[in-house]
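First the proteins, then the strands, lettered A, B, ... as listed; each starts at 1.
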2 protein chains.
Amino acid sequence: MNSLFKALNDQTRRQIVELLKEKDMNAGEIAERFNISKPSISHHLDILKQADLVTSEKKGQFVEYSLNTTILEDLLNWILTLKK
Amino acid sequence: MNSLFKALNDQTRRQIVELLKEKDMNAGEIAERFNISKPSISHHLDILKQADLVTSEKKGQFVEYSLNTTILEDLLNWILTLKK
DNA sequence: CAGTTATTTAGATATTTATCTAAATAACTA
DNA sequence: TAGTTATTTAGATAAATATCTAAATAACTG
């Protein structure tokens, strides 16, 4: 859960997650949406991957990122038990 | 949402939330549960308050903390929309 | 009132983090 | 193969954060 909360504790990363909810995107397409350098976006993607919130697949020159929502199940349950 | 994610991005604070789920507790009782100084716990409680995840009420010498789960509604919905 | 107890505030410090530029790696294309 | 494009890695830096000790504040108690 630690890496998941860490991943979500950043506005940019949450926006990336929201983008990937709509459709898979490669690193460059994601970076275009932000006024942040590509290396920084790459770093954010890495943190999202560490949390298993996104997966990546090399497609030729590009690296395509996808959202993995299954990992949110644990978070959902944690919140629900708090609400009893 | 920013302050909420920030509040939850810490093991100690999540544990405090879990403690308060069971019952209201004063600052000292909470601090007893951790190997962390009282000022540090006080600081964590402040961050939880900023996120509106807990409320506090002065009771004589003591300050009693309670969990506020209503604020989790937004988080829950955010996660659910990701899962579509 | 003086002393004790509960909690927070202040100030310091070490660690983590978000960001950048420059360079490296990898894959495509003429 | 040489050049171009896509992405990541490396290294640096400024800001945020978690923690501590010491001091301040507030409330109870004899």
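- Among the heavy atoms of the strands, none lies under 4.0 Å from K59(B).
- Of all nucleotides listed (dC20(D), dT17(C), dA18(C)), dT17(C) comes nearest to the side chain of K6(A).
- In the model, W78(B) has a side-chain atom that pairs as donor or acceptor with a side-chain atom of E18(A) under 3.5 Å.
- Comparing dT8(D), dA18(D), dT19(D) by their nearest atom to the side chain of K38(A) picks out dT8(D).
- Relative to the side chain of S42(A), the nucleotides dA6(D), dA18(C), dT8(D) differ in distance, and dT8(D) lies closest.
- There is no side-chain donor-acceptor pair under 3.5 Å between K49(A) and T55(A).
- H43(A) comes within contact range of at least one nucleobase, with a heavy-atom separation under 4.0 Å.
- Closest contact between the side chain of Q61(A) and the listed nucleotides dA27(D), dT8(D), dA6(D) involves dA6(D).
- Among L53(B), N77(B), L67(B), the one residue that satisfies the side chain to side chain contact (heavy atoms under 4.5 Å, CB included) test with L72(B) is L53(B).
- Here N26(A) reaches the OP1 or OP2 of dT7(D): one of its side-chain N or O atoms lies under 4.0 Å away.
- Among the nucleotides dT8(C), dT19(D), dA18(C), the one closest to any side-chain atom of Y65(B) is dT8(C).
- Using a 4.0 Å heavy-atom criterion, one finds that D10(A) contacts the sugar-phosphate atoms exclusively.
- Rounded to whole Å, the distance from CD on Q11(A) to P on dA16(D) is 15 Å.
- In this structure, S40(A) does not reach the dT19(C) phosphate: none of its side-chain N or O atoms is under 4.0 Å from OP1 or OP2.
- Across all strands, F34(B) comes closer than 4.0 Å to no nucleic acid atom at all (heavy-atom distances).
- With dT7(D), dC20(D), dA26(C) as the candidates, the nucleotide lying closest to the side chain of I36(B) is dC20(D).
- In this structure, of dT8(C), dT19(C), dC28(C), it is dT19(C) that holds the atom nearest to the side chain of H44(A).
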